[in-house]
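Note that the structure is predicted; figures quoted are calculated from it, not measured. We use all heavy atoms of the structure for the numbers below, so side chains are in, but hydrogens, waters and symmetry mates are not. Start at 1 and go down the list; that is how both ligands and their atoms are numbered.
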Amino acid sequence: MSRFFIDRMALWCYNISIMNTRETLKINAKGHLEIGGADACDLAEKFSTPLYVFDEKHIRDMMAVYRDTIEEEYGGHGCVLYASKAFSCEAMYAIARQERIGVDVVSGGELYTALKAGFPAEKIYMHGNNKLSHEIAEALDAHIGCIVVDAFSEADLIEREAEARGIVQKVLIRINPGVEAHTHAYVQTATPDSKFGFSVASGAAEAIVRHVLTKKHLKLCGFHCHIGSQIFEKASFVLAVEKNLKFMAEMKERLGFETEELNLGGGFGIWYTDEDPKIPVAGYRDYLSALLDAVKKGCGEYRLKEPFILLEPGRSIVGEAGVTLYRVGAIKEIPGIRKYLAVDGGMFDNPRFALYGSKYTAVLANRAAEEPQEVVAIAGKCCESGDLIGTNFNLPKAKVGDIVAILSTGAYNYSMASNYNRNLIPPAILVKDGRADYIVRPQSYEDLVRSDAIPDRLK
Ligand code: LLP
């Protein structure tokens, strides 16, 4: 057997094993990919393609593992917030509400969606490095739980708006502890050169604490940090905790400020391809345990009161729960260069390859048990050469009409989708025990022109 063939076999076996160990994905008796108990080919037939499919059980299991770990290992003195930027739609807030966790929102639009879904305002935290004045007003009018301050001017604005309403708003301050996490530069957030947070090292963090403490209508409860996304090294998270605790101890000593809440952000990595570790749902408990242990240890060393701990996972809750289904259209082989399978989606539903060179695993959903025979690029249908889902997929020889499933597309795919080329953003369905329902309905051409306007002089 050639080395090439052995490699491909190994990868194929690996992919099959991924599917067999993930409850989300299985190969059924027909040799079709199954997601959350539903046959992917039936879903493609019924709901058409491109289609975002989400496995409800995986989402709930992930929310529960974080919630229960805080309950069992930290006496419930904390709360998980789903970072809804990963996938925001009303159903996600409804699930988070049922799972008794909080959410973080990063814009007026996410806040509006959460409130519309009936999410309890007191369990909403608001982020953003440049929150607009109307977003602050909306947050205060809704009486949300907490705003995470990320600018001097923002602290002044919240103070004015809170005073005008005769209320005191709970706030955290986003600090930049200076931790360089091993991940893509675009999703690192705690390096010295970052638009986020106040640097501890430069003294900016202490300055904003002093500033906020002068405000009568702000109640400073503590600090927030988020070091980046798609990170696997526990050591980076632990280092961030240590730096936070050191800062908390300094603020206690210098300003007499005692931290009640510490928000450690999100960032836990997920499996996209065989280059990533495959962490089972229960394995995420270890990440959180490592953080909680570091908090307990540091508080002991610095003689600090153990703070209420918040965590903001987004990708790890929803990423592996999602699969995108496409149908293969044009197939083009460029001899000696590569073979392109073009699908009915592309960068308008998944811009992550174009933005970050992100890698994915593909499966032919209607022939999921077949061995791979070739390496292909999967292209979208947009008018630009960089519109690719990826360049190195091992697949059986695909034919026009086959269904391609791209795995682990639940996080930052729908949420970063666009109507580029006036393509329609695909709908999303939620699957549980084989039953599928829309959570985002299909767009129509009418939706595309809904906000267009033609000035009289053009008529
Ligand atoms: N908290 C804050 C303040 C954040 O900025 C983020 C993500 C999270 C929590 C959630 O992090 P997660 O658990 O999802 O890693 N569009 C990029 C990811 C950007 C992440 C932005 N912030 C991507 O597609 O990879």
Side-chain angles (χ1 to χ4, degrees), residues 52 59 62-63 65-66 79-88 92 96 101-107 110 124-131 146-151 171-177 179 181-191 194-198 223-234 236-237 240 244 262-273 276 279 284 287-288 291 309-322 324 347 349-360 389-390 406 408-418:
Y52 298 110
I59 296 170
M62 285 304 304
M63 289 179 177
V65 76
Y66 292 127
C79 185
V80 189
L81 309 172
Y82 165 58
S84 63
K85 74 206 75 182
F87 176 44
S88 174
M92 282 305 295
I101 68 169
V103 298
D104 94 45
V105 298
V106 76
S107 67
E110 286 184 359
I124 301 179
Y125 279 59
M126 182 179 249
H127 283 292
N129 69 304
N130 184 26
K131 299 173 195 74
C146 185
I147 301 180
V148 182
V149 173
D150 202 354
V171 296
L172 299 180
I173 288 173
R174 179 165 182 163
I175 65 164
N176 177 348
V179 174
H182 295 143
T183 187
H184 194 288
Y186 286 7
V187 293
Q188 282 184 340
T189 48
T191 53
S194 173
K195 71 172 183 169
F196 296 109
F198 295 92
F223 304 106
H224 167 273
C225 83
H226 168 76
I227 58 172
S229 197
Q230 185 62 1
I231 299 165
F232 289 104
E233 297 83 24
K234 288 195 187 92
S236 305
F237 293 110
N244 267 290
L262 179 60
N263 183 332
L264 296 169
F268 301 142
I270 64 164
W271 177 90
Y272 286 100
T273 70
D276 304 313
I279 306 171
Y284 287 92
Y287 277 89
L288 186 44
L291 295 189
I309 290 293
L310 295 142
L311 195 77
E312 292 169 344
R315 189 191 309 270
S316 58
I317 286 181
V318 79
E320 290 186 41
T324 310
M347 66 194 299
D349 66 77
N350 182 357
R352 296 190 70 257
F353 180 81
L355 273 173
Y356 319 113
S358 302
K359 293 182 180 164
Y360 286 98
I389 303 296
I406 303 290
S408 294
T409 55
Y412 305 110
N413 282 235
Y414 172 79
S415 57
M416 295 202 295
S418 72

Visitor: Testing the basics here: between Asp150 and Gly128, what is the closest heavy-atom pair and its distance to 0.1 Å?
Guide: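 Looking at all heavy atoms of both residues, the closest pair is CB-O, 3.6 Å.
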Visitor: Does the N or O separation between His224 and ligand 1 drop below 3.5 Å for any pair?
Guide: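 By distance alone, the answer is no.
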Visitor: Under a 4.0 angstrom heavy-atom cut-off, which atoms of ligand 1 come close to Gly267?
Guide: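 In order of number, 11 (O), 12 (P), 13 (O), 15 (O).
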Visitor: Does any N/O atom on Ser316 come nearer than 3.5 Å to any N/O atom on ligand 1?
Guide: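 N/O-N/O distance under 3.5 Å: no.
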Visitor: Please check: side-chain N/O of Tyr52 versus main-chain N/O of Asp349, any donor-acceptor pairing under 3.5 Å?
Guide: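 Yes, the answer is positive, given that a donor and an acceptor are paired below the 3.5 Å cut-off.
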Visitor: Quick one: does NZ or CZ of Lys234 land under 6.0 Å from the six-membered ring centre of Tyr287, within 45 degrees of the ring axis?
Guide: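 That pair qualifies as a cation-pi contact.
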Visitor: Which ligand 1 atoms are under 4.0 Å away from a heavy-atom of Arg315?
Guide: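 In order of number, 12 (P), 13 (O), 14 (O), 18 (C), 23 (C), 25 (O).
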Visitor: Between Gln230, Glu312, Arg174, flag the one that comes closest to atom 10 (C) of ligand 1 by a heavy atom.
Guide: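 Closest candidate by heavy-atom distance is Glu312.
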Visitor: Against heavy atoms of Pro313, which atoms of ligand 1 measure under 4.0 Å?
Guide: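 Close to Pro313: 13 (O).
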Visitor: To check you understand the geometry: which heavy-atom pair defines the closest contact between Ala411 and Arg315, and what is its length?
Guide: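 It is CB-CA, 3.7 Å.
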Visitor: Report the part of Tyr356 in contact with ligand 1, treating N, CA, C, O as backbone and CB onward as side chain, heavy atoms under 4.0 Å; options are side chain, backbone, both, neither.
Guide: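 Only the side chain of Tyr356 comes within reach of ligand 1.
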Visitor: Please determine which of Leu264, Leu288, Leu291 meets the side chain to side chain contact (heavy atoms under 4.5 Å, CB included) test together with Phe237.
Guide: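 Answer after filtering Leu264, Leu288, Leu291: Leu291.
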Visitor: Would you mind running through ligand 1 and noting each atom that sits below 4.0 Å from a heavy atom of Ala83?
Guide: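 Within the 4.0 Å cut-off of Ala83, ligand 1 contributes 8 (C), 9 (C), 10 (C).
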Visitor: If you compare all heavy atoms of Glu110 against all heavy atoms of Val105, which two are closest, and at what distance to 0.1 Å?
Guide: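 Between these two residues, the closest heavy atoms are OE1-CA, 3.3 Å.
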Visitor: If you count the non-hydrogen atoms of other residues, nucleotides and ligands that lie under 6.0 Å from OH in Tyr414, is the total more than 12?
Guide: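 No, the 6.0 Å shell around OH holds no more than 12 heavy atoms from other groups.
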Visitor: Nearest to atom 4 (C) of ligand 1 by heavy atom, Met416, His127, Lys85: which?
Guide: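 The residue whose heavy atom sits nearest atom 4 (C) of ligand 1 is Lys85.
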Visitor: At less than 4.0 angstrom from any non-hydrogen atom of Gly314, what atoms of ligand 1 do you find?
Guide: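 Answer for ligand 1: 12 (P), 13 (O), 14 (O).
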